[in-house]
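So you know, we letter chains A, B, ... as the sequences are listed, proteins then strands, and number each from 1.
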Amino acid sequence: MSTILETLNAATSAAFAELGFPEALGATRESDRPDLAPFQCNGAMAAAGVLKKQGHKANPREIAQNIVAKLEGHPAIAELEIAGPGFINIRPAVAALTARAAALAADDKTGATDLPPQKIVIDYGGANVAKPMHVGHLRSAVIGECLKRLLRFQGQTVIGDVHLGDWGLQMGHLITELQDEQPELPYFKASKTSGYPDVSPVTMDDLARLYPAASNKAKSDEARMERSRVATAELQAGREGYRALLGHFIDESIKALKKGYGALGVEFDLWKGEAAVDPLIPDMIEGLKAQGITEEDGGALIIRVEEENEKKDVPPVMLLASSGAVLYHTTDLATLVDRKAEIDPDLILYVVDQRQALHFEQVFRAAVKAGWYKPEQMEHLGFGTMNGKDGKPFKTREGGVLRLEDLIAMMREAAQARLDEAGIGADFPEEERADIADKVGIAALKFADLQNQRTTNYIFDPERFTAFEGKTGPYLLYAAVRIKSILRKATDMGVSAGEIVIEDPAEQNLVLALDGFDRALKAATDKYAPHLLCDHVFRLAQAFSRFYTDCPILAGKTPEPVKASRLALAQTALRQLEHGLNIIGIDAPNRM
RNA sequence: GCACCGGUAGCUCAGCUGGAUAGAGUACCUGACUACGAAUCAGGGGGUCGGGGGUUCGAAUCCUCCCCGGUGCGCCA
C-alpha cells in the first residue's frame with residue numbers, strides 16, 4: 001500500500017500532466033508550513049515559469065486553480081487551498097488516514113519497503129592491533145553499524161568487515177620491543193621454526209604499553225627505528241617466530257576489540273585484516289605489471305591515476321616502496337582482490353574518516369584501471385572528527401586520547417546518577433538497574449553521534465552527551481518504555497487492540513508521522529545519512545508523546561472502541577519505534 | 001600553492017535537487033502531575049543564515065570574489 005504522500009503525489013502529478021505540464025512539476029511534499037496543512041504542492045509557480053519561457057503569459061494562481069479543480073473530490077483529499085503566489089496546501093482526508101493506519105498496523109515492518117537486493121560489504125571499525133580503542137573509533141563503528149542495519153532492514157545482504165590494521169611497521173615495533181623486554185622467548189631464536197607455545201606471551205595491556213614505548217623511542221633513535229623496519233621486513237618475508245607472534249598479537253587484540261565493540265552493540269561478520277590478504281599481493285602485483293599499468297619511479301612501483309584536465313593533483317598509487325615494502329595502498333588493493341574472489345559484492349562502502357578521502361580516491365581509481373570494479377561499486381563514506389571545544393580532535397584534560405571504555409563508563413555513570421536522582425527503579429533488582437543505566441548511556445552516546453550529519457566535524461561536549469532530555473537517545477527510550485507500560489496495563493485490564501479509527505488531531509498527527517517511515521529510510525539510505533533516520537524517529541516519538549498527552553488510552557471514561565483503536569495505534573507506534581531504534585543501534589529496556 | 005569540508009538563535013545542530021513567517025534541541029520566561037510514567041506536554045521571547053556582488057517573480061540554498069576555521073596533498077597506516 002502506498003503512503004499518504006505517495007497517494008497525494010500521484011494525484012497532483014496526474015493533474016499537472018492532464019494540463020499538459022511535465023508530471024514532475026506536480027510533486028507534492030511535506031509542507032514547510034505545517035500550521036496551514038500537512039502537505040503542499042508548489043508546481044504552479046514552476047509551471048508558470050515554463051509557459052513564460054515558451055512566450056505565453058501565465059498566472060501561477062490561475063494554474064493552481066485549474067489544478068485544484070482537477071483534484072476536487074479526490075477521496076484522499078479533505079481540503080485544498082491556494083495560498084500566496086500559487087502554493088497548493090493539501091489536507092488529507094481523515095478516512096485516508098484511518099485506512100493508512102490500519103495498513104501500518106497490519107504490517108510487521110510498519111510501512112518499510114524493500115530495496116532491490118544487493119550484496120554489500122561495509123568496511124568500518126578501523127581498529128588496529130595492539131592499540132586500545134579510543135573516541136576516534138566511535139564514529140566509524142556507530143555509523144557503519146547503523147548503515148549495515150539500515151540496509152539489512154530493507155532486504156539487502158550486508159557483510160560487515162572490521163578490516164583490522166594488523167600489518168606494517170607497528171608490528172615491527174611490537175616485536176622488537178617485546179624482544180628487549182623478554183629476549184628469552186622462543187620466538188626470537190632464528191634457528192627455531194616451529195613448536196611455539198599456544199598461549200600468548202602478552203596480554204592486550206602489554207601490547208598497549210609496548211607499542212607506544214617503541215614508537216616513542218624510534219622517533220628520536222634512528223637505530224631503534226631501523227630494528228623495527230628490519231623486523232617488519234622479516235615478518236613480511238615469513239619469518240616463522242615473528243609470524244607466530246603476530247598470530248598472538250592479533251588474537252589478543254581481537255578478544256579485546258570484540259569486548260569493546262560489543263559494549264557499543266557493534267558486531268562484525270568478518271574479522272579479516274591486512275595480514276590476511278598479504279599472500280595475495282605477489283600475484284596481484286604480477287597481474288598489474290602484466291596489464292602494463294604499473295611503472296617504476298625512483299625505485300618504487302607505482303600506478304599513475306591522475307586524470308586529464310583535472311584541477312586537483314592526484315598522486316600515484318604506491319604499490320611497493322623503494323625498499324620493496326608493501327604499503328597502505330597495496331593492502332587495500334589486495335583486500336579488493338580478496339573481496340572480489342570471496343564475496344563478489346555489488347557494492348563496497350568504506351566508513352572511514354574524511355581525511356582518508358584522497359587515499360580512497362587513489363585506490364578506487366587503481367581498482368577501476370585494473371578492471372576489477374566499476375567506479376560506482378566503491379564508495380568512501382567519510383565522516384568528520386569528534387572535536388573538543390577548541391575545534392581540534394578531542395583530548396582529555398590531561399591532553400591524552402579518551403579511551404572508548406572510559407567514555408562508555410562515563411555515560412553509564414551519568415545515566416545511573418539520573419536514575420538515582422529521579423528515584424526510579426529503587427525497587428528494581430540491582431542487575432536490572434545496571435542494565436538500564438547501560439542501555440540509557442549507550443543510547444545517549446550513539447544518538448548524540450548519529451544525529452549529526454555524517455560528513456561534518458562536530459564538537460564533543462560531555463554535558464550535551466550526558467543530557468537525557470530533549471532530542472536525545474533517552475527521550476526515545478522513554479517514549480518506547482511508556483508504550484510498553486501501557487501495553488502491560490492493557491493486558492492486566494483485559495483490553496485488547498481493535499479497529500483503528502482516526503479522529504483527534506493528535507491521532508492524525510501520529511499517523512502522518514508513522515507514514516514518513518519509509519521516506520526516512522529511503523532518504524537515509526540514498527545519502528548514507530543516519531541523521532535523517534534519527535530525525536524521523538525523534539519526530540515519531542514527539543508525535544506519540546503528544547498523542548499520549550491528548551488522547552487517554554485506558555482511562556475509565558474512554559469508550560471501549562476508542563480504547564481498542566488507540567491501543568492498536570500505540571502498538572503500531574511502538575513497533576515502528578523499535579524498528580527505528582534497532583537500526584540506530586539502540587535497545588530499549590522494559591522499564592526505566 | 002592546489003584541492004576538499006565547514007561558518008545558520010546565547011550554545012549544539014538541522015534545512016542547501018531555490019518557494020510562504022529560516023527550524024529542532026538546549027538555555028531563559030510562562031502554564032500543565034486527585035486520567036495510562038513530568039527523562040513529559042503546551043505556549044513565549046531569541047536570527048544582518050561569515051561578508052560583497054550576480055542569476056531569479058522568489059536565494060540560507062545556484063554562480064562569483066573575499067574573510068575566518070578545519071583537513072589533505074609519493075615511498076607511515
Task: Listed partners of A:R412 passing side chain to side chain donor-acceptor pair (under 3.5 Å), at least two apart - done: A:D438
TODO: Determine the contact category for A:R591: base if any of its heavy atoms lies under 4.0 Å from a base atom, sugar-phosphate if only primed atoms, P, OP1 or OP2 are that close, otherwise nothing.
DONE: base
Task: salt bridge (charged side-chain N to carboxylate O under 4.0 Å, His left out) partners of A:D435, counting only residues at least two apart - done: A:K439
- [ ] Extract, from 5' to 3' on RNA chain B, the first and final nucleotides lying under 4.0 angstrom from some heavy atom of chain A.
- [x] B:C2 to B:A77
- [ ] Report the base-pairing partner of B:U71 (Watson-Crick or G-U wobble, both distances below 3.5 angstrom), or none.
- [x] B:A3
Task: Residue A:E463 excluded, over 12 heavy atoms near CD under 6.0 Å - done: no
Open item on the list: List the residues meeting side chain to side chain donor-acceptor pair (under 3.5 Å) with A:D427, not counting sequence neighbours, and say none if there are none.
Closed with: none
TODO: Look at all strands and tell whether A:Y458 reaches a base, only sugar-phosphate, or nothing, counting heavy atoms closer than 4.0 Å.
DONE: sugar-phosphate
Open item on the list: Does A:L419 reach a base, just sugar-phosphate, or nothing at all? Heavy atoms under 4.0 Å.
Closed with: base
TODO: Name all residues meeting the salt bridge (charged side-chain N to carboxylate O under 4.0 Å, His left out) criterion together with A:K52; count only those two or more places apart in sequence or in a different chain, and write none if there are none.
DONE: none
Task: A:T294: partners by side chain to side chain donor-acceptor pair (under 3.5 Å), with sequence neighbours left out - done: none
Open item on the list: Could you tell me how far B:U40 sits from B:C57 if I compare only their P atoms? Round to whole Å.
Closed with: 48 Å
Open item on the list: Between A:R304 and A:G84, which residue's closest nucleotide on RNA chain B lies nearer the 5′ terminus?
Closed with: A:G84
TODO: With a 3.5 angstrom cut-off on both distances, give the Watson-Crick or G-U wobble partner of B:C76, or none if there isn't one.
DONE: none
